[in-house]
Number of protein chains: 2
Amino acid sequence: MKLIDIGVLSEQSGMSTSTLRYYEDIGLIQSVGRHGLRRQFDAQAATQLALISLGKMAGFSLDDIKEMFAKDGAPQLPRAELHRRADALDAQIRGLTRLRDALHHVADCPAETHMKCPKFKRLMDFAARAKARRQA
Amino acid sequence: MKLIDIGVLSEQSGMSTSTLRYYEDIGLIQSVGRHGLRRQFDAQAATQLALISLGKMAGFSLDDIKEMFAKDGAPQLPRAELHRRADALDAQIRGLTRLRDALHHVADCPAETHMKCPKFKRLMDFAARAKARRQA
DNA sequence: GGTTGACCTCAAGTTGACTTGAAGTGGCAG
DNA sequence: CTGCCACTTCAAGTCAACTTGAGGTCAACC
């Protein structure tokens, strides 16, 4: 099993070395040992960082991510909760799809003000309804 | 045109009144006048908040959102940039879809450690590659 | 016309997620 | 064996996005 320095992991993951040290501090990733005083990481760390990166994209806090994907990838949350989060993610994906469409729309639609464009309004009505649901 | 108090808009949008005041401070939303010293908002504010809410979901900063959807919905950014952001959003949507699948997977897969499950690894390999691309 | 409660302002505080700086260590190429 | 440079620790600083608190205002109902 090939071990790597923090600098290499930083390069691979696109996160700064200070971020990686911070993540280890708070227990989000683990180094497998030291070479002198240098942390050594294995391939699993890169996988975990990929997961963390996705979790951040989804707007989860580092604490949330820690709960959902513990050290070995085994979650500390009950199955039902994980499915619930996956479903919420699904709703978010639908929202982002609307936002993507809205962005393309405002880029191209020649209407004076988008707020009056029926197509744009239709996109946004969805967002309003989704928000209302989240409150319930 | 029916006007509403900040409390009503807060209820409709699911954002606290202090947040709405803050958003007006930084120019993200606009009130259309005052009733006594109370801000009055119209329907457009609710639409804008829906848009802001989606933008936040996507991980955009409030400044980004301000640039992409100015007061009237007319962007302050060139068309090409907006399309570029929409495409980035598309990549993000694909990432979140993988994350959703990964969540369902860790909830259900009986494997000792997910890091060794081939299905899980396949999901994560994508994430690693996506991350690498973002660096380029 | 008095009380109430939702609103107001403005400054300061909080939280999450890092980043920076100073001072030190140690593996390795020359 | 010497110098370099990527690493180390730990405390303090930064930034975005709000939230809180103190003290004040006023439209509407009783």
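Residue numbering restarts at 1 for every chain, and letters A, B, ... go by the order of the sequence lines. Nothing here was measured: the structure is a model prediction, and the numbers come from that model.
- If you measure from atom CG of B:Leu62 to atom C1' of D:dC15, you get 12 Å, rounded to the nearest angstrom.
- For B:Lys56 and D:dC18, the shortest distance from a side-chain N or O to OP1 or OP2 is below 4.0 Å.
- Taking a heavy-atom distance under 4.0 Å as the criterion, the stretch of DNA chain C touched by chain A extends 5' to 3' from C:dA17 to C:dC28.
- Nearest heavy-atom pair, A:Gly55 versus A:Ile65, reported as atom, atom and distance to 0.1 Å: C-CD1, 3.7 Å.
- Considering all non-hydrogen atoms of both residues, A:Gln30 and A:Phe41 come closest at O-CD2, 3.7 Å.
- Counting to the nearest Å, the C1' atom of D:dA17 and the OH atom of B:Tyr23 are 7 Å from each other.
- Comment: B:Asp25 does not engage B:Arg21 in a salt bridge, judged by the lack of any side-chain N to carboxylate O separation of less than 4.0 angstrom.
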Show each protein N/O and nucleotides 4-9 of chain D N/O combination with a separation under 3.5 Å, one pair to a line.
residue, atom, partner, partner atom, Å
D:dA6, N3, A:Arg38, NH2, 3.2
D:dC7, OP1, A:Gly7, N, 3.1
D:dT8, OP1, A:Arg39, N, 2.7
D:dT8, OP1, A:Arg39, NH1, 2.8
D:dT8, OP2, A:Arg21, NE, 2.9
D:dT8, OP2, A:Arg21, NH2, 3.3
D:dT8, OP2, A:Arg39, NH1, 3.3
D:dT8, O5', A:Arg39, NH1, 3.2
D:dT8, O3', A:Arg34, NH1, 3.3
D:dT9, OP1, A:Arg34, NH2, 2.9
D:dT9, OP1, A:Arg39, NH2, 3.4
D:dT9, OP2, A:Arg39, NH1, 3.0
D:dT9, OP2, A:Arg39, NH2, 2.6

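- Both A:His35 and A:Thr19 sit near DNA chain C, but only A:Thr19 has its closest nucleotide nearer the 5' end.
- Of all heavy-atom pairs between B:Arg100 and A:Ala86, the closest is CG-O, 3.5 Å.
- The two residues A:His83 and B:Ala107 make their nearest non-hydrogen contact at NE2-CB, 3.7 Å.
- The two residues B:Leu96 and A:Leu54 make their nearest non-hydrogen contact at CD2-O, 4.0 Å.
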Name the atoms and distances for all side-chain donor-acceptor pairs under 3.5 Å in residues 57-64 of chain B, with sequence neighbours left out.
residue, atom, partner, partner atom, Å
B:Ser61, OG, B:Asp63, N, 3.4
B:Ser61, OG, B:Asp64, N, 3.1

Side chain to side chain contact (heavy atoms under 4.5 Å, CB included) evaluation trace for B:Ile6 with B:Glu24: CA-CA 11 Å; B:Ile6 200 172; B:Glu24 197 191 7; over 6 Å; no
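- Among the protein residues, B:Ile26 comes within range of no part of the nucleic acid, since none of its heavy atoms lies under 4.0 Å from any strand.
- If you check every strand for non-hydrogen atoms under 4.0 Å, A:Ser18 touches a base.
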